[in-house]
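To start, the structure under review is shown below, and the notes come after it.
Just so you know, these numbers use all the heavy atoms, side chains as well, and skip hydrogens, waters and symmetry mates. None of these values were measured; they are calculated from a predicted model. FYI, the numbering just counts along the sequence from 1.
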Amino acid sequence: MYPKVSDLINDLFGTSINLPIQSYGLFLALAFLTGTWLLYKELDRKEKEGILIPEKKFILKGAPPTFMELLAYFAFSFVAGWKIVGFIIDYEIFVNDPQEYIFSLQGSLLGGILISLAYTGYFYLLKLKNKQDTPDKKEVNIQPRQQAMPIQLIVATFSVLYYGHRHGIRWKYLADAVSPSLIIAYGIGRIGCQLAGDGDWGIVNTAPKPGWLAFLPDWTWSYTYPHNILNEGVPIPGCEGAHCYELAEAVFPTPLYETTMAVIIFFILWSLRKRIGTPGVLFSIYLMFNGLERFLIEKIRINNVFDLFGLQVTQAEVISSVIFLTGLGLFIYCQQTKKTTIHESA
């Protein structure tokens, strides 16, 4: 396992560098960027087809800086400077546990003050330079594709739809546009889980690898997650350092399977996105695939089991079933709505 990116680099090239970049964090960032780019492409396509229209907003140009604006810039730049300068000064402490350092009270107070004063001063002078005697109220068009970045920052699916509604993007079209990016981002994030060994692995797997999987490495069938970031399992003989444990028994590498299924689902959705004319249907297919994928993977993943109406189920199985049934219900609703619309038009 490679809890940090530098662990992978050192293993590949025999170096001994120490970088403060966690593998999981890197792939989480890559998932976000990939999802945002794909969503941007889809929104742009729907704009060109005339399906989505821009949102009209008014902006005030030439207004002097307000106290709240200056306060916001000062606060943001102070925190950034406090931590960034702290990273440099306390590099050895930071690099060994970046997350703890980021969320601690450690940092450079002087660095925060100097950077915040410089950044806020620059903003203040820039606003004064562009100040007009009579501020100009101007109407601008905000294209749906320009909302791609804030939309990907919203994790919950229904929050995405609500955000789109607030900004004039019809929910069915937005849901269809975001579906491929959501599933591929999920798959990329799971790569980080696999590399870091963050505990999201499966149940013990002592069965021999099937013959039809002989072309794959053994670790794709069962894996002990050596050097996992959680330090779970038993000590690795002769290992020295921060992450010197591996699982006592090999388990199913479920993050790898989820990435594989996510990639397959992505290509299916991506190939269907221009062929399906009824809005909301692609999103319903995404929900059904997503629910099915999660339900299947829970069969070989460690989870707490509880009793539900006499059945032994896991929380994840219940959630995945709800997701699938929601997708099925939406699919039926979209088809019925389409038929009703056609009938009324006739």
Side-chain angles (χ1 to χ4, degrees), residues 1-34 83-84 86-107 155 185-207 209 213 216-263 297-298 300-304 316:
M1 290 295 89
Y2 306 102
K4 292 194 291 189
V5 173
S6 53
D7 296 330
L8 176 60
I9 296 174
N10 293 336
D11 190 32
L12 291 175
F13 302 104
T15 55
S16 58
I17 61 174
N18 193 8
L19 300 175
I21 307 173
Q22 301 286 346
S23 298
Y24 178 75
L26 172 65
F27 279 91
L28 192 64
L30 290 175
F32 168 76
L33 293 174
T34 303
K83 285 298 180 183
I84 291 173
F87 297 161
I88 298 171
I89 296 174
D90 302 324
Y91 183 77
E92 288 302 321
I93 300 174
F94 167 63
V95 77
N96 289 324
D97 198 338
Q99 287 143 329
E100 182 179 350
Y101 191 95
I102 290 173
F103 294 106
S104 71
L105 294 178
Q106 291 178 284
V155 179
Y186 181 78
I188 293 173
R190 284 305 191 202
I191 297 175
C193 295
Q194 176 67 19
L195 281 178
D198 66 352
D200 192 29
W201 46 64
I203 59 176
V204 172
N205 178 22
T206 57
K209 185 171 65 173
L213 292 177
L216 293 175
D218 290 341
W219 60 267
T220 61
W221 174 249
S222 61
Y223 198 42
T224 59
Y225 285 90
H227 309 287
N228 64 81
I229 196 170
L230 298 180
N231 288 321
E232 279 202 21
V234 296
I236 300 174
C239 177
E240 296 181 0
H243 305 290
C244 286
Y245 286 80
E246 65 178 343
L247 302 182
E249 295 181 282
V251 299
F252 285 106
T254 50
L256 176 65
Y257 302 159
E258 288 203 89
T259 293
T260 303
M261 287 190 283
V263 170
I297 208 68
E298 295 311 319
I300 56 172
R301 183 149 57 195
I302 299 174
N303 274 296
N304 294 325

How about Tyr245: does its OH atom have over 12 heavy atoms from other parts shown lying under 6.0 Å from it?
no
Are the side chain of Trp221 and the backbone of Pro253 linked by a donor-acceptor contact shorter than 3.5 Å?
no
Does Tyr225 have any ring-ring contact (aromatic ring centres under 6.0 Å, His included) partners at least two apart in sequence or in another chain, and if so, which?
Trp201, Tyr223
Does His243 reach the side chain of Ile236, with side-chain heavy atoms less than 4.5 Å apart?
no
Would you check if Glu249 and Asn205 make a side-chain contact, meaning some heavy-atom pair closer than 4.5 Å?
no
Using atom types as modelled and distance alone, determine if a side-chain donor or acceptor of Lys209 lies under 3.5 Å from a backbone N or O of Trp219.
no
What pair of heavy atoms forms the shortest contact from Ala31 to Ala185, and how long is it?
CB-O, 3.2 Å
Applying side chain to side chain donor-acceptor pair (under 3.5 Å) between Arg190 and each of Thr260, Asp200, Thr259, report the one that passes.
Asp200
Of all heavy-atom pairs linking Val5 and Ser23, the shortest is N-OG, 3.7 Å
For the student: nearest non-hydrogen atoms of Cys244 and His227, plus distance:
CA-ND1, 4.3 Å
Rounded distance [0.5 Å steps], CG in Asn18 versus OH in Tyr91
6.0 Å
Using the test side chain to side chain donor-acceptor pair (under 3.5 Å), find all partners of Tyr24 that sit at least two apart in sequence or belong to another chain.
none
For Pro217, is there any backbone N or O sitting under 3.5 Å from a side-chain donor or acceptor partner on Thr220?
yes
Nearest 0.5 Å, what's the CG-CG distance between Leu230 and Leu247?
9.5 Å
Are Ile9 and Ile17 close enough that some pair of their side-chain heavy atoms sits under 4.5 Å apart?
yes
With no hydrogens and no angle check, do the side chains of Ser16 and Asn10 hold a donor and an acceptor under 3.5 Å apart?
no
From Thr254 atom OG1 to Met261 atom CE, the distance as rounded to the nearest 0.5 Å
9.0 Å
Working to the nearest 0.5 Å, report the span between OG of Ser104 and CD1 of Ile93.
9.0 Å
Residues Asn228 and Glu246: closest non-hydrogen pair is ND2-CA, 4.1 Å
Say whether Asp11 and Tyr2, considering side chains only, have a donor N or O and an acceptor N or O under 3.5 Å apart.
yes
I'd like to check Leu195 versus Met1 (side-chain heavy atoms, cut-off strictly below 4.5 Å). Are they in contact?
no
Taking every non-hydrogen atom, the tightest pair across Leu19 and Ser6:
N-OG, 3.2 Å
Which pair of non-hydrogen atoms, one from Glu258 and one from Tyr186, has the smallest distance, and what is that distance?
OE1-OH, 2.6 Å
Taking Phe87's backbone N and O only, do any of them form a donor-acceptor pair with Asp90's side chain (distance below 3.5 Å, no angle check)?
no
Distance check, rounded to the nearest 0.5 Å: Ile300 atom CD1 versus Ile203 atom CD1?
7.0 Å
